[in-house]
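Each remark here refers to the structure printed beneath this line.
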Amino acid sequence: MMSMHRRDALKNIIGITSCAAGASLIPGFANAAEEPGSWLLSPGERLAYARLDPAEVAAIAFRDDVKPNGCMYQVFHAVIEALRKSASPDADKFARIPTAMAVYGGAGVLGQGTICGNNNATGMLYNILSINGEAPSSLGKISAYYEQTPLPRNDTEFLQAVGYSIEAFNSEIVVQTEARSLLCHASLTRWSDASNIAIANKANRCTLLSASIAWRVTELLNMELAGEDTSSLPGDTAETSECLSCHTKANAFPTSVMAHMECDTCHGTN
């Protein structure tokens, strides 16, 4: 019978305990090994949306543990967290979506001031959600709401839902402004000019804006789920619609770039 040297035995023991410790330190390590067929979201896959309470979603977005992670995270995480607890048949799958991946969109993509994280988050949500088996169709309405509506909201219903006072709004945000663009820096500049508050002090303005968008996204998704018509809601402005009459996918002239942002904000009306 072969004998095992003490040094070899110690090596084996250390190796076994190291593996066990490693498995305990890495979340889901053991489960992943036991469940090789664990679900992962695939390109083109959609998960079933279930009716949510807009006030509850906005409250999640404005929660103290959510706000510091940026505007894109606020909106994306709030909707996904609510769906994890919803009646959706895919609630367990929503629970597996790592919402931390949305942090990058804060401050217009890691501080670059480009697309506002609220719009980035909305696009990510609309890309993975299913409304009665179909892709949501109201993305353009959310974009129009962001561009054309005086925000953040300061009505009593909204402020009570997120736990913010009108007195704080009047002193820290001062005014509501229309972004007239989907870009972070444009939205912030308009607010800073109107409020006479330095952009460095934007925190509460932006977190309230994200809670406002989280509320509106939920409202529109609920409308679609109920089969309500959203076509009458504000969409492209008259100026943008005029531009799109020529700038279409069908036209082949070199500058026929099609976009649904407000054209006149950057390009004027000519």
Side-chain angles (χ1 to χ4, degrees), residues 38-52 54 57-58 60-61 66 69-110 112 114-147 179 181-184 187 209-231 233-236 240 244 249 257-262:
S38 295
W39 176 84
L40 292 174
L41 184 68
S42 300
E45 183 177 4
R46 293 185 176 276
L47 306 182
Y49 178 79
R51 184 176 181 82
L52 301 175
V57 175
I60 294 172
V66 176
N69 298 308
C71 49
M72 182 174 181
Y73 180 84
Q74 279 184 265
V75 175
F76 186 73
H77 177 82
V79 175
I80 296 298
E81 180 178 315
L83 286 169
R84 291 170 180 171
K85 306 170 186 176
S86 73
S88 169
D90 291 322
D92 59 330
K93 293 182 178 179
F94 283 116
R96 298 182 69 109
I97 293 178
T99 55
M101 64 184 177
V103 172
Y104 83 89
V109 183
L110 297 176
Q112 297 301 298
T114 58
I115 182 171
C116 175
N118 292 287
N119 302 304
N120 210 340
T122 304
M124 186 180 285
L125 286 167
Y126 275 57
N127 187 58
I128 66 171
L129 294 179
S130 169
I131 303 289
N132 300 321
E134 301 290 336
S137 61
S138 57
L139 179 60
K141 304 301 183 180
I142 292 292
S143 298
Y145 178 80
Y146 177 91
E147 288 184 311
S181 171
L182 298 180
L183 301 179
C184 167
S187 173
L209 174 60
S210 296
S212 302
I213 296 300
W215 184 304
R216 187 56 174 166
V217 167
T218 307
E219 279 185 329
L220 289 191
L221 291 173
N222 285 347
M223 289 178 66
E224 288 200 60
L225 186 67
E228 297 179 37
D229 183 15
T230 62
S231 63
L233 297 174
D236 295 331
T240 300
L244 289 173
K249 291 181 179 179
V257 176
M258 187 185 72
H260 288 275
M261 293 175 61
E262 289 198 22

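In this chain, residues are counted from 1 in sequence order.
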I need the minimum non-hydrogen distance between [X] and [Y], along with the two atoms involved.
X	Y	value
V75	S210	CG2-O, 3.6 Å
A50	L225	C-CD2, 4.0 Å
M72	G105	SD-CA, 3.4 Å
A211	A58	O-CB, 3.6 Å

Within a strict 4.5 Å, meaning less than it, do heavy atoms of the [X] and [Y] side chains meet?
X	Y	answer
L129	F94	yes
S88	R51	no
V103	L110	no
S181	Y146	no
L52	L221	no
I128	I80	yes
R96	S38	yes

For this session: Please test L233 against T230 for side-chain contact (heavy atoms from CB on, under 4.5 Å), starting from the C-alpha separation and ending with a verdict.
Result: CA-CA 6 Å; L233 297 174; T230 62; 3.9 Å; yes
Any residue meeting side-chain hydrogen bond (donor to acceptor under 3.5 Å, both in side chains) with [X], in chain and number order, not counting sequence neighbours:
X	answer
E45	W39
D229	S231
T122	none
N222	Y49

Problem set entry | Residues that A107 engages under side chain to side chain contact (heavy atoms under 4.5 Å, CB included), provided they are two or more places apart | none
Gap separating the [atom1] atom of [X] from the [atom2] atom of [Y], nearest 0.5 angstrom:
X	Y	atom1	atom2	value
F76	N69	CZ	CG	13.5 Å
I97	L47	CD1	CG	5.0 Å
C71	N120	SG	CG	8.5 Å
M124	T99	CE	OG1	10.0 Å
C184	I115	SG	CD1	10.5 Å
Q112	L183	CD	CG	12.5 Å

Distance-only, no hydrogens or angles: does the [X] side chain make a donor-acceptor pair with backbone N or O of [Y] under 3.5 Å?
X	Y	result
Q74	A61	yes
T218	A214	yes
R84	A91	no

For this session: Please step through side-chain contact (heavy atoms from CB on, under 4.5 Å) for the pair I213 and V217, ending with a clear verdict.
Result: CA-CA 6 Å; I213 296 300; V217 167; 4.0 Å; yes
Problem set entry | Residues forming a ring-ring contact (aromatic ring centres under 6.0 Å, His included) with Y73, sequence neighbours excluded |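 By the ring-ring contact (aromatic ring centres under 6.0 Å, His included) rule, Y73 matches H77.
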Problem set entry | Full working for side-chain contact (heavy atoms from CB on, under 4.5 Å) between K141 and R216 | CA-CA 10 Å; K141 304 301 183 180; R216 187 56 174 166; over 6 Å; no
For this session: Could you name each residue pair satisfying side chain to side chain donor-acceptor pair (under 3.5 Å) that touches residues 130-139, not counting sequence neighbours?
Result: Y126-S138, S137-E224, S138-E224
Exercise. Stepwise, does the side-chain contact (heavy atoms from CB on, under 4.5 Å) test hold for E147 with L182?
Worked result: CA-CA 6 Å; E147 288 184 311; L182 298 180; 3.5 Å; yes
